[in-house]
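Note that the structure is a prediction, hence the values are computed from the model and not measured.
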Amino acid sequence: MRHVLIALLLPLLAACAPGPAVAPSVPAIPTRPDTCGAAAQSGLLGRDATALERVLILGQVRLIRPGDAVTQDYSPQRINFEIDAGNVIRGITCG
């Protein structure tokens, strides 16, 4: 009887054993092409938003501040400047 019980429990115990370690998959961060010239403005990152007053940007520009309502439309030629609560430029993206 003992052998029958062991024979029944072995597959159950084997199912509880840890399997081989598998590295978690990290989702890829999609990157969009620089269609608006955002890379050329990267020197403004970390600076006060008033620095934008001294830069000539030909084309569509959108300033996004905390709490601002932002449309979900994507305009590849538009430069978005994300400004934090301290009036510092934290992000520059196309869209």
Listing request: all disulfide (SG to SG under 2.5 Å) pairs with a residue in residues 44-84, at least two apart in sequence or in separate chains. none
Return each pair, listed once, that meets salt bridge (charged side-chain N to carboxylate O under 4.0 Å, His left out) where at least one residue sits in residues 75-94; pairs must be two or more places apart or across chains. D73-R78, D84-R90
Within residues 50-66 or reaching into it, pairs that qualify as salt bridge (charged side-chain N to carboxylate O under 4.0 Å, His left out) - sequence neighbours excluded: none
Apart from V70 itself, what residues make up its hydrophobic cluster when side-chain heavy atoms of I, L, V, M, F, W and Y under 4.5 Å apart count as a link, directly or indirectly? I64
Hydrophobic cluster partners of Y74 (side-chain heavy atoms under 4.5 Å): none
Once side-chain hydrogen bond (donor to acceptor under 3.5 Å, both in side chains) is applied, do any residues pair with Q60, and if so which ones, sequence neighbours excluded? S75
If you group Ile, Leu, Val, Met, Phe, Trp and Tyr whenever their side-chain heavy atoms sit less than 4.5 Å apart, what else falls in with V88? none
Here the salt bridge (charged side-chain N to carboxylate O under 4.0 Å, His left out) pairs for residues 42-52, sequence neighbours left out, are none
Cluster membership besides L63, Ile/Leu/Val/Met/Phe/Trp/Tyr side chains within less than 4.5 angstrom, sorted by chain and number, is L44, L45, L52, V55, I57, V61, I79, F81, I83, I89, I92
Disulfide (SG to SG under 2.5 Å) contacts in which one or both residues fall within residues 33-95, not counting sequence neighbours: C36-C94
According to salt bridge (Lys or Arg N to Asp or Glu O under 4.0 Å), who are the partners of D34, at least two apart in sequence or on a separate chain? none
List the residues meeting salt bridge (Lys or Arg N to Asp or Glu O under 4.0 Å) with D68, not counting sequence neighbours, and say none if there are none. none
